[in-house]
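Step one of this worksheet: look at the structure below.
Basis for what follows: all heavy atoms, side chains included, without hydrogens, waters or symmetry-related copies. Keep in mind that what you see is a predicted model, and the values were worked out from it rather than measured.
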Amino acid sequence: MRAPIRDISILLAILLALTACARPPLHSRGTEEVSPLLSPVVLGEGERLRVVATTTIVGDVVAQVGGEAIQLTVLLPVGADPHTYELKPADLTAVSQAHILFVNGLGLEEFLESTLRNVGHVPVVSVSEGIQPRALEAHEHEEEGPHHDVDPHVWTDVRNVMVWVENIRQALSALDPAHASLYEAHAAAYRQELETLDAWILEQAAQVPPQNRKLVTNHPAFGYFADRYGFEQVAAVYPISPGAEPSAQEIAKLEETIRQLGIPAIFTETTVNPKLAEQIAKDTGVALVTLYTGSLGGPGSGAESYIAMMRYNVSAIVNALK
């Protein structure tokens with residue numbers, strides 16, 4: 001005798017809940033665990049692969065590889081801080097209907113944890129898989145949990161985004177082998193653009209005297225950039241994260257560092273409230289320069305794509321420090 005439809009629905013709901021509960025939190029999983037083995041998706045006539053990306057930066061790189069062959073949804077709007085974003089019902093719907101979800105990984109998307117517990121069937125791929133993460137210095141995470149011991153801002157080194165491109169190409173090709181050659185062509189063309197960008201940044205950085213290559217930012221987001229392009233990330237307004245207010249002693253120490261090192265500018269960010277940085281810049285008499293870090297810029301910003309964002313940031317940094 002067949003089970004009533006109601007009983008079958010309840011059973012399916014229980015199975016989905018068990019699958020979701022078995023999934024550990026995103027920040028506790030290694031990158032190799034965030035990229036499951038992918039099987040081809042059966043697509044109907046005219047149907048495209050439904051792809052979701054977390055940040056505008058991840059989304060732009062996914063778009064470069066997927067092109068018109070995918071239907072892309074980006075969860076975070078322009079200007080949203082990936083450290084503190086709260087998912088909306090429409091985001092949950094998009095994730096639940098996706099064939100794949102691309103995340104930055106390395107602990108950046110903590111806002112996704114509860115969603116992934118409730119949507120256990122969607123493959124989650126970290127674009128940062130295979131990148132050697134940079135360890136945060138003690139003062140950068142001394143009051144945070146153990147999952148914050150690596151720096152997730154890998155995209156500030158262009159070579160890391162080249163790794164993203166390959167991870168994205170492999171994942172899309174596995175799910176949609178009919179368009180594998182298209183994904184490969186897009187990836188190859190974009191990699192060439194990234195190689196050109198990387199060489200340009202090295203040339204621009206060379207214009208800044210070595211003794212001037214010191215960065216004070218709103219939060220420690222430029223470690224990979226500094227390591228690759230010959231700068232030093234000496235201090236940050238929010239030394240732990242944008243969600244943790246610094247103490248009066250930390251602010252006083254930062255202002256003293258700025259004066260002692262002769263720092264000419266504080267680099268603030270579009271995704272982090274600049275109010276405190278503005279006050280510190282006023283106290284120390286230095287310039288305040290806005291950069292794009294966790295999000296691309298909107299139309300007319302000059303930072304509408306990853307490549308444009310990097311060019312904008314590098315030009316601003318070099319002009320402020322040289």
Side-chain angles (χ1 to χ4, degrees), residues 53-67 72 74-83 85 104 108 127 152-162 164-165 186 189-208 212-226 228-231 233 236-237 242 263-275 277-278 281 286-322:
T54 51
T55 72
T56 54
I57 298 171
V58 173
D60 180 61
V61 180
V62 170
Q64 299 299 327
V65 180
L72 177 64
V74 177
L75 295 182
L76 272 67
V78 167
D81 183 358
H83 295 283
Y85 182 74
N104 178 89
L108 184 73
V127 294
H153 308 92
V154 295
W155 61 88
T156 60
D157 179 342
V158 176
R159 296 173 304 171
N160 289 336
V161 176
M162 296 179 194
W164 284 16
V165 169
H186 287 173
Y190 192 52
R191 275 195 299 268
Q192 184 58 55
E193 292 185 53
L194 293 174
E195 288 171 2
T196 300
L197 174 65
D198 185 58
W200 178 82
I201 296 174
L202 288 169
E203 292 173 357
Q204 295 300 305
Q207 298 180 29
V208 181
N212 293 358
R213 297 179 190 176
K214 296 178 174 63
L215 302 175
V216 173
T217 58
N218 236 1
H219 87 293
F222 286 87
Y224 295 95
F225 175 87
R228 169 59 176 163
Y229 303 110
F231 291 80
Q233 188 173 244
V237 175
I263 301 295
I266 296 174
F267 297 100
T268 186
E269 308 159 65
T270 58
T271 55
V272 181
N273 191 325
K275 185 176 180 180
E278 290 170 353
V286 303
L288 197 66
V289 179
T290 301
L291 303 179
Y292 294 87
T293 53
S295 170
L296 301 179
S301 65
E304 298 91 341
S305 69
Y306 169 72
I307 289 178
M309 178 192 77
M310 290 299 291
R311 286 184 173 273
Y312 181 101
N313 286 347
V314 169
S315 295
I317 291 170
V318 170
N319 288 336
L321 299 182
K322 70 179 181 181

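- For the residue pair P82 and G294, the shortest heavy atom distance occurs at CD-O, 3.9 Å.
- Interatomic distance, CG of L108 versus NE2 of H83, reported as 5.5 Å (0.5 Å rounding).
- Ring centroids of Y292 and Y312 are separated by less than 6.0 Å, placing the two rings close together.
- Annotation: side chain of L321 is in contact with side chain of F231 (closest heavy-atom distance under 4.5 Å).
- When each of T271, T270, V272, T156 is paired with T293, the side chain to side chain contact (heavy atoms under 4.5 Å, CB included) condition holds for T271 and for no other.
- Summarising the geometry, atom CE belonging to M310 is positioned 4.0 Å from atom CD1 belonging to I201; distances are rounded to the nearest 0.5 Å.
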Residues 296-306, side-chain donor-acceptor partners within the protein, below 3.5 Å, at least two apart:
unit_1, atom_1, unit_2, atom_2, d
S301, OG, G298, N, 3.4
S301, OG, G298, O, 2.7
S301, OG, A303, N, 3.1
E304, OE1, G302, N, 3.4
E304, OE2, G300, N, 2.9
E304, OE2, S301, N, 3.3
E304, OE2, G302, N, 3.3
S305, OG, A308, N, 3.1
Y306, OH, W155, O, 2.7

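- The two residues P264 and V286 come nearest to each other via the heavy atoms O-CB, 3.4 Å.
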- Task: Determine, step by step, whether R228 and L202 satisfy the side chain to side chain contact (heavy atoms under 4.5 Å, CB included) criterion, reporting the C-alpha distance in whole Å, the side-chain angles of both residues, the deciding distance to 0.1 Å, and the verdict.
- Result: CA-CA 9 Å; R228 169 59 176 163; L202 288 169; 3.6 Å; yes

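- In this structure the side chain of V216 never reaches within 4.5 angstrom of the side chain of F267, judged on heavy atoms.
- Taking R191 as the reference, E166, E184 meet the salt bridge (Lys or Arg N to Asp or Glu O under 4.0 Å) condition, with sequence neighbours excluded.
- Side-chain atoms of R213 come within 3.5 Å of backbone atoms of V208 as a donor-acceptor pair (strictly under, hydrogens ignored).
- The shortest non-hydrogen separation linking V74 to G59 is CG2-CA, 3.9 Å.
- With a 4.5 Å cut-off on side-chain heavy atoms, V65 and W164 do not count as touching.
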- Query: So F225 and N313, side chain to side chain contact (heavy atoms under 4.5 Å, CB included) or not? Walk me through it.
  - Reply: CA-CA 11 Å; F225 175 87; N313 286 347; over 6 Å; no

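- In this structure, CG in D60 is found 8.0 Å from CD1 in I307, a value given to the nearest 0.5 Å.
- When all heavy atoms are compared, the tightest approach of N212 to K322 is ND2-C, 4.4 Å.
- L288 meets the side-chain contact (heavy atoms from CB on, under 4.5 Å) test with I266, T268, A277, E278, A281; sequence neighbours excluded.
- Residues Q204 and V318 share a closest heavy-atom pair of O-CG2, 3.6 Å.
- The two residues S295 and G79 make their nearest non-hydrogen contact at OG-N, 2.7 Å.
- With values rounded to the nearest 0.5 angstrom, Q207 atom CD is found 8.0 Å from N319 atom CG.
- Relative ring orientation between H219 and H153 is described as perpendicular, the plane-to-plane angle rising above 60° on a 0-90° scale split at 30° and 60°.
- With values rounded to the nearest 0.5 angstrom, Q233 atom CD is found 5.0 Å from T217 atom OG1.
- At a threshold of 4.5 Å between non-hydrogen side-chain atoms, the residues Y229 and V314 do not count as touching.
- Under the 3.5 Å distance criterion, the side-chain polar atoms of D198 are left unmatched by any main-chain donor or acceptor of R159.
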